[in-house]
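The residues of the chain are indexed from 1 along the displayed sequence.
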Amino acid sequence: MVTNIDRIKELRRTLHDIPEPSMKEVKTKQLLMDFLRSHTGLEIVDRGAWFYAYYQGQDTSNTIAFRADYDAVVCQDGCARHLCGHDGHSAILAGLALELERIPPRRSVYLIFQPGEETGQGACLCSSLIDECNITEIYGIHNIPGYAQNEVLLLDGTFACASTGMEISIQGSPAHAAYPQQGKNPALMIAELITYMDMLVNREHRGMVLGTVIGIDAGSCSYGMSADSGVLRLTLRAEDQEEYEELVEKIRERAEQQAKEQGMTCTIHLIEPFPATINHPFSVNKVRAAARSLGLRITTPKEPFRWSEDFGYYLQKVEGAFFGIGCGEEHAGLHTADYDFNDEIIATAIDISVLIYGSS
């Protein structure tokens, strides 16, 4: 039974009212640090853009970590809003800190409060703590609409897909629209790259592979000029890390080859890349055992979630598991205008985390 649940819910609502974009979470970070200083005896280490709190237990050879993100989604109007529940995730981790306060710290535990999950930047920074502090396992939670409230979602292997944005900028040369052969027009190359991507995606794969055209720009509104430049924007994703890397590399190679053959140049940028979040079975079994002991319903989704989660950077370094907690079958979806975090899953998430901590 979680103590001080009302205090944690109040913290969550306060966080909700101060949403900040990725890597700019100044007020959010300070609020969380002040809360922990006021209500726990954890050691707090400020690392600039992020911070962590820890108990140094008697057993330092079997160190566990829990991570929560605290950035907000930047909407099309440029405003940040908590439409993914990171305010709830941080409140859950703060609630775990309160519960650990009542448990003798037999085992060393680190609580990582991470910025920049929406852009994939945060875990790149914070995952260095794994090596610095000899952390041997790590866990993370995400609220998931569309599933029953407090239903636990577990997957061995890939939980969330790898993905990246890819921007391919092509530079040709201008010509009169009546004499296009005198210039270098990138439009056909863009069309060919889309067809090539579609062919790659529709091959037989070990798991889900997806390529999505995000945007196309070519030429101008001058109808007397043949287009001389263009940009193709894609999002590429796959549940298998190797297939994801192969997809990205093949499209990169094709673009560079086509540009060279056609006498044009191209520049390729990967935007907000995320690795696959690949769970370790031993850690998944710990989560499963904790959920069962609480009498919770456990579900294995039919496929990994198509969205990406930078928790995968931690799991590349150390064993661990990322799992979901359902926030209601009719709950508004993540990143939608009507979304708000369901406070009724906070206690369940904390209870599971406490039991994971206790299972050495």
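No salt bridge links Arg206 with Glu239; every basic N to acidic carboxylate O contact stays at or beyond 4.0 Å. We find that Glu192 and Arg254 are joined by a salt bridge, their nearest charged nitrogen and carboxylate oxygen being less than 4.0 Å apart. The pair Arg12-Asp343 meets the salt-bridge criterion, with a side-chain N (NZ, NE, NH1 or NH2) lying under 4.0 Å from an Asp/Glu carboxylate O. Between Glu132 and Arg47 there is a salt bridge, since a side-chain N of the basic residue sits under 4.0 Å from a carboxylate O of the acidic one. Taking the charged nitrogens against the carboxylate oxygens, Arg67 and Asp310 do have a contact shorter than 4.0 Å, which makes a salt bridge. The pair Arg13-Asp87 does not meet the salt-bridge criterion, since no charged nitrogen lies less than 4.0 angstrom from a carboxylate oxygen. Salt bridge Glu249/Arg252: present, at least one basic N to carboxylate O contact under 4.0 Å.
Between the side chains of Glu309 and Thr277, no donor-acceptor pair is found at a separation under 3.5 Å. At a cut-off of 3.5 Å, with distance as the only test, no side-chain donor of Gln58 or Arg106 sits close to an acceptor on the other residue. Side chains of Gln171 and Thr265: no donor on one and acceptor on the other come within 3.5 Å. Gln257 and Glu261 share a donor-acceptor pair across their side chains, judged by distance under 3.5 Å alone. Gln121 and Ser22 share no donor-acceptor pair across their side chains, judged by distance under 3.5 Å alone. Side-chain polar atoms of His331 and Asn342 form no donor-acceptor pair below 3.5 angstrom. If you check the side chains of Ser226 and Asn185, you find a donor sitting under 3.5 Å from an acceptor. No side-chain donor from either of Tyr314 and Gln316 sits under 3.5 Å from a side-chain acceptor of the other.
With values rounded to the nearest 0.5 angstrom, Cys266 atom SG is found 5.5 Å from Glu256 atom CD. Atom CG of residue Leu236 and atom CD of residue Glu243 lie 13.0 Å apart, to the nearest 0.5 angstrom. Annotation: the span from Thr164 atom OG1 to Phe274 atom CZ amounts to 9.0 Å, rounded to 0.5 Å. Annotation: the span from Ser173 atom OG to Lys184 atom NZ amounts to 6.5 Å, rounded to 0.5 Å.
Side chains of Ile346 and Lys9 form a contact here, defined as non-hydrogen atoms less than 4.5 Å apart. Contact check for Ile168 versus Ile251: side-chain heavy atoms found under the 4.5 Å cut-off. Between Gln114 and Trp50 the shortest side-chain heavy-atom distance does not fall below 4.5 Å. Under the 4.5 Å side-chain criterion, counting only non-hydrogen atoms from C-beta, Val109 is in contact with Phe66. Proximity of Val284 to Asp156: side-chain heavy atoms (C-beta onward) are separated by under 4.5 Å at one or more points. In this structure, the side chains of Tyr339 and Pro145 come closer than 4.5 Å at one or more pairs of heavy atoms. Within the 4.5 Å cutoff, side-chain heavy atoms of Phe51 are placed close to those of Ile44. Using a 4.5 Å heavy-atom threshold, the side chains of Arg233 and Ile216 count as separate.
In this structure, the side chain of Thr212 does not engage the main chain of Ile214 through any donor-acceptor pair within 3.5 Å. Between the side chain of Asn143 and the backbone N or O of Cys84, at least one donor-acceptor pair lies under 3.5 Å. No side-chain donor-acceptor contact under 3.5 Å links Ser127 to the backbone of Tyr313. Proximity of a side-chain donor or acceptor of Asp198 to a complementary backbone N or O of Ile194 within less than 3.5 Å is not detected. Panel note: side chain Ser283, backbone Gly320; a donor-acceptor pair is recorded below 3.5 Å. The main-chain N or O of Gly207 is never found under 3.5 Å from a side-chain atom of His205 such that the two would form a donor-acceptor pair.
Here the shortest heavy-atom pairing between Tyr55 and Leu100 reads CE1-CB, 3.5 Å. Contact detail for Asn279 and Ala321: the closest heavy-atom pair is OD1-CA, 3.2 Å. Across every non-hydrogen atom of Pro186 and Ser229, the tightest pair is CG-C, 3.5 Å. Closest approach of Glu101 to Gly41, counting heavy atoms only: OE1-N, 3.0 Å. Of all heavy-atom pairs between Ser359 and Arg107, the closest is O-NH1, 3.6 Å. The minimum heavy-atom distance linking Leu296 with Asn150 is given by the pair CD2-O, 3.9 Å.
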- Message: The test is salt bridge (charged side-chain N to carboxylate O under 4.0 Å, His left out); show your working for Glu20 and Arg81 and say whether it passes.
- Response: CA-CA 7 Å; Glu20 296 174 295; Arg81 297 183 179 88; over 6 Å; no
- Start with the C-alpha distance between Val248 and Leu270, add both sets of side-chain angles, then the distance that settles side chain to side chain contact (heavy atoms under 4.5 Å, CB included), and finish with yes or no. CA-CA 9 Å; Val248 171; Leu270 298 185; 4.0 Å; yes
- Task: Kindly determine whether Asp71 and Lys24 satisfy side chain to side chain contact (heavy atoms under 4.5 Å, CB included), including the steps that lead there.
- Result: CA-CA 8 Å; Asp71 55 329; Lys24 297 180 180 179; over 6 Å; no
- Message: Determine whether Phe341 and Ile92 satisfy the following criterion, side chain to side chain contact (heavy atoms under 4.5 Å, CB included), listing intermediate values before the conclusion.
- Response: CA-CA 12 Å; Phe341 187 84; Ile92 289 166; 4.1 Å; yes
- Working for salt bridge (charged side-chain N to carboxylate O under 4.0 Å, His left out), residues Lys317 and Asp131: CA-CA 8 Å; Lys317 289 176 171 283; Asp131 298 321; 3.0 Å; yes
- Item | Derivation of the side chain to side chain contact (heavy atoms under 4.5 Å, CB included) call for Tyr70 and Leu93 | CA-CA 11 Å; Tyr70 54 60; Leu93 195 58; over 6 Å; no
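Remark: Ile271 CD1 is packed, more than 12 non-hydrogen atoms of other residues, nucleotides or ligands lying under 6.0 Å away. Counting non-hydrogen atoms of other residues, nucleotides and ligands closer than 6.0 Å to NZ of Lys27 gives a total of 12 or fewer.
The hydrophobic cluster containing Val26 does not contain Leu15, counting ILVMFWY residues as joined when their side-chain heavy atoms lie under 4.5 angstrom apart, directly or transitively. Both Ile298 and Ile350 belong to a single network of hydrophobic side chains, linked directly or stepwise wherever heavy atoms of I, L, V, M, F, W or Y lie under 4.5 Å apart. Using a 4.5 Å cut-off between side-chain heavy atoms of Ile, Leu, Val, Met, Phe, Trp and Tyr, with links allowed through other members, Val287 and Leu315 fall into the same hydrophobic cluster. Side-chain heavy atoms closer than 4.5 Å link hydrophobic residues (I, L, V, M, F, W, Y) into clusters, and following such links, possibly through other members, connects Phe35 to Phe113. Under the 4.5 Å side-chain heavy-atom criterion for grouping Ile, Leu, Val, Met, Phe, Trp and Tyr, Ile278 is not connected to Tyr139 through any hydrophobic cluster.
Checked options Phe311, Phe159, Trp307, Phe323; the residue passing with His142 is Trp307 (criterion: ring-ring contact (aromatic ring centres under 6.0 Å, His included)). Ile141 pairs with exactly one of Thr348, Ile325, Leu96 by the side chain to side chain contact (heavy atoms under 4.5 Å, CB included) rule, that one being Ile325.
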